[in-house]
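First the structure, in the form of structure tokens, and then the observations on it.
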Amino acid sequence: MRQVRVRFAPSPTGYLHVGNARTALFNWLFARQKRGAFILRVEDTDVERSRQEYYLRLMDDLRWLGLDWDEGPDIGGDYGPYRQSERLEIYRLYTQQLLEAGRAYYCFCSPEELEQARREALAAGRMPIYSGKCRHLSPEEAAARVARGEKAAVRLKTPDKGEVIFNDLVHGELHFQLEVIGDPILVRSNGLPAYNYAVVIDDHLMEITHVIRGEDHISNTPRQILTYQALGWEPPQFAHLSMVMGEDNTRLSKRHGATSVDQFAQEGILPEALFNYLAFLGWSPPEGQEVLSREELVELFNLSRVSRSAAIFDYQKLYWLNRQHLKRLTPGEKVTRVLPFLQKAGFLPEKLTREHHLWLEKAVEALIEGVNKLNELPEKFNLFFEFDLSKMEESARRILQAESARTVLEALAEELANRSAVSFEEFSDIAREVRQKTGVKGKELFHPIRVALTGQTSGLELDKFIPLIEEGARLTWRQPLLSARERIVRTLQWLTQ
RNA sequence: GCCCCUGUCGUCUAGCCAGGCCUAGGACAUCGCCCUUUCAAGGCGGCAACACGGGUUCGAAUCCCGUCGGGGGCGCCA
């Protein structure tokens, strides 16, 4: 059997959208599973909108997601060039061939003329198809007009009757009546190929075996098949993926929230989590597993299990998957992923020592549970680095102002006074002594201690928190990390002022 | 308007092709309980769907027809 070759062919006219990323991902999964080739091709014939910046970002985003390509504009390959703007000579060659064989013809109709015909057809309730006006011009006359410098597009001459049938790998057999197709533009009057023409040439020359793309291309497919036929080529297999929608069931767009891959990266979604989520948008494995690595997905993926209906992008489920993937990381890996976010928040010192790293591992381990996205973590780190009682919430304030709270904290301060740093075990002993000395116990005892230590009514368990501030206080940070004793002392000062 | 695709819990979906195994399974979300001196997380449990109408059949989520809903396309954009 022939080697599987698939491609992702984005146009560099914007950031990589999750919908496109999912298309790329399905292609990649298919290629990797079949031990085939995944090709990146850039469709940049829309000169108006294509930009170098987008092209570079596109590749960054794909790499970040973990999608690597075997051939592409940056690394080359045996079927290049991989940028359509560099393939114009190739298209021209085939256009010539088509023209000479009488399978295509020059069209001199003006855009205005066409637009008017289109409007009329729409008003009359017909499909707006090209009339075929220039179709019957004699080749000699057409050639003469072109030679004279008249602007002309090139159209494919399609049969008037019959139907185009193809077997879509996800939708099954699809039929299209030729009457509703019309003669598509192959080459624009500015000499650049139209999308529907360039894809056919490129896919064939690059020996693409499976075209896996969005459902919005379904109705383009018969036109493309007709082009293959005119050229005498065998079309590839097609698989059309359903659309990705927002919560309101309209096409996913910016107003639904983050939609570009780099936005998710910046928010702290793990690439493997986005990858996992995207794979489940319109596909599911036979056994119903949910949290899967790239490798597992490659193994399980199957085009025949791809769903035919549109899927709504569910941020909640993405977050849940992100938490699951977060959980699977080792403590060291967690720190590595979190570091950029802490860096940005300005917590980290110039130089991170081995001690800092070890402390961070424990801190991240303690705080990361329940975190949806990594960008939520710096805020949680405030628990260590921020201790400002004036910003306390009303409920916390009330706990500290209770009669017994002051008794407890004073006794605690006394116990802590002649020690440098305490472990949680030592702290528990101290708390026990405080209880005996003051007679305060249970909630009355622990609540004020928590607030005095953190300034908050909720947060980490004290048995995790206390060792962390005690150890952390010995390290150097951008801003001081207060020890338990310092926190108690400050709280008492605040109470007495 | 015309053409095409599509329709199972709020959401992603399993089941459909090979009709009985489905009083329709899982997951997210939601609600409740447990755990926890806090908040989460975690554990356990609950609520919740075959769009509708006709057929075919002993029997239909599964097959057929229609209706309605949703989406896409109808470019000298990709």
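Throughout, protein chains are lettered first and strands after them, A, B, ... in sequence-line order, and every chain is numbered starting at 1.
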TODO: Give a yes or no on this: more than 12 heavy atoms of other residues, nucleotides or ligands lie within 6.0 Å of atom CD of A/Glu247.
DONE: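 Check fails, neighbour count at 12 or below.
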
Honestly, is [X] close enough over [Y], meaning NZ or CZ under 6.0 Å from the six-membered ring centre and within 45° of the axis?
X	Y	value
A/Arg155	A/Tyr130	yes
A/Arg83	A/Tyr55	yes
A/Arg145	A/Phe108	yes
A/Arg22	A/Phe26	yes
A/Arg41	A/Tyr82	no

Please measure how far the [atom1] atom in [N] lies from the corresponding atom in [M], and state the result in whole Å.
N	M	atom1	result
B/G42	B/A29	P	8 Å
B/A41	B/C28	C1'	16 Å
B/G72	B/C34	P	48 Å
B/A14	B/C33	P	34 Å
B/A61	B/A18	C1'	16 Å
B/G10	B/C52	P	12 Å
B/C50	B/G7	P	15 Å
B/G26	B/A48	P	14 Å

Does the side chain of [X] get closer than 4.0 angstrom to OP1 or OP2 of [N] through an N or O atom?
X	N	result
A/Arg223	B/A78	no
A/Arg308	B/G7	yes
A/Arg188	B/A78	yes
A/Arg251	B/G73	yes
A/Thr45	B/A78	yes
A/Lys380	B/A40	no
A/His217	B/G72	no

TODO: Answer with yes or no whether A/Ser219 presents, from its side chain, a donor or acceptor under 3.5 Å of a partner atom in the base of B/C4.
DONE: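 Side chain to base: no pair present.
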
Open item on the list: Check this for me: does the side-chain of A/Lys317 come within 3.5 Å of the base of B/A27 through a donor and an acceptor?
Closed with: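 Flag set: donor-acceptor pair detected.
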
For [N], the Watson-Crick or wobble partner whose two distances fall under 3.5 Å:
N	value
B/U30	B/G46
B/C68	B/G7
B/U36	none
B/G1	B/C74
B/C21	none

Euclidean distance, atom [atom1] of residue [X] to atom [atom2] of [N] [Å, nearest integer]:
X	N	atom1	atom2	value
A/Asn167	B/C4	CG	C1'	16 Å
A/Leu321	B/A29	CG	P	10 Å
A/Asp183	B/G75	CG	C1'	15 Å
A/Asn20	B/A78	CG	C1'	10 Å
A/His171	B/C16	NE2	P	19 Å
A/Arg118	B/C77	CZ	C1'	13 Å

Task: Test salt bridge (charged side-chain N to carboxylate O under 4.0 Å, His left out) applied to A/Lys380 and A/Glu376, step by step - done: CA-CA 7 Å; A/Lys380 297 213 164 206; A/Glu376 293 166 15; over 6 Å; no

